[in-house]
Amino acid sequence: MKTRQLNIYRGPCAILTNLNLDIPRGKWTSVIGPNGAGKSSLLQAMAGLLKWDGSITIDEVNFSSYSQKDLAKKVAWLDQGSNTADELGDSLSVYDTVMLGRLPHQGWLHLPSEADHTSIEKALQQTDAWHLRHRLSQALSGGERQRVLLARLLAVDSDILLMDEPLANLDPPHQADFMKWQRDLMGQGKTLVTVLHEIHFALRADYLIMLNKGSLHFQGSSQDPKTHQALMALFDGRIRLEKLGNDWVALPN
Ligand SMILES: Nc1ncnc2c1ncn2[C@@H]1O[C@H](COP(=O)(O)OP(=O)(O)OP(=O)(O)O)[C@@H](O)[C@H]1O
């Protein structure tokens, strides 16, 4: 996925300007930056939910050439803070909520296919939420709800997964599960884009995009020392990075 001279609008105002981003295919990219930098807005624009101009291409194909249905199959989006009971639909069972992820694959008034049911079971198993399938969303905890929403995202079976704060409310074992299935998804050639405030998790991505005040601050490989310097500068030198085993961690200064 590439963007060139991308401007993103909320109402008449551009809140992100002149973004030239190179999101590597089949890899994991993390978008980071201070509050209000524009991270969620970037994901929303890439999901076709905000007005933008400039260009966005997916595999060299212009974003605007995709039909709404093809785009919905190509790109799945997890909203930040969508883990409220209202958003999930109080009256839907967990199973039916995850079925919503299959809508781009279903014809008008068609009954769910065997493939839909298989995808839903696989997604719910992957996020450790299969045992919740008969429950209503209003009866779920924050972390359980997040796992159901992640299952809905996985059920789309899209090439590109945009995830805004996917770790919200997840306990450490489920965070570890998330890291594992990120690797599995990349093994299947999927492109992953996450917005993460947890810098140590963001640093496990292959590529980092740093936004600040509506502009690109830096983009580069997560292992590159130049990226680390840019990251410390992004947070005004208030964090430092240290290596722990094979991983980088961010500590407050
Ligand atoms: N619905 C909205 N209407 C108008 N302005 C908005 C709306 N949502 C966000 N903004 C503004 O757009 C800018 C970018 O917001 P965005 O939510 O993309 O930032 P963010 O980097 O995701 O922040 P955070 O880390 O706090 O989640 C901010 O100045 C914010 O105040």
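Each ligand, and each atom within it, is numbered from 1 in the order the structure gives. The first residue in the sequence is number 1, and the count goes up from there.
- Hydrophobic clustering keeps Leu42 apart from Leu208 (ILVMFWY residues linked when any side-chain heavy atoms are closer than 4.5 Å, directly or through intermediates).
- Here the two rings, on Trp248 and His200, have centers that are 6.0 Å apart or farther.
- By the 30° and 60° cut-offs, the orientation of the rings of Phe178 relative to Trp28 is perpendicular.
- Counted by atom type alone, Asn20 and Arg4 present zero donor-acceptor pairs between their side chains at under 3.5 Å.
- Sorted by chain then number, the residues whose non-hydrogen atoms approach ligand 1 to under 4.0 Å are Arg10, Ile15, Pro34, Asn35, Gly36, Ala37, Gly38, Lys39, Ser40, Ser41, Gln80, His197.
- Looking at Asp164 and Ser40, their side chains do bring a donor and an acceptor atom within 3.5 Å of each other.
- Judged by the 6.0 Å distance and 45° axis criteria, Lys27 is not positioned over the aromatic ring of Tyr207.
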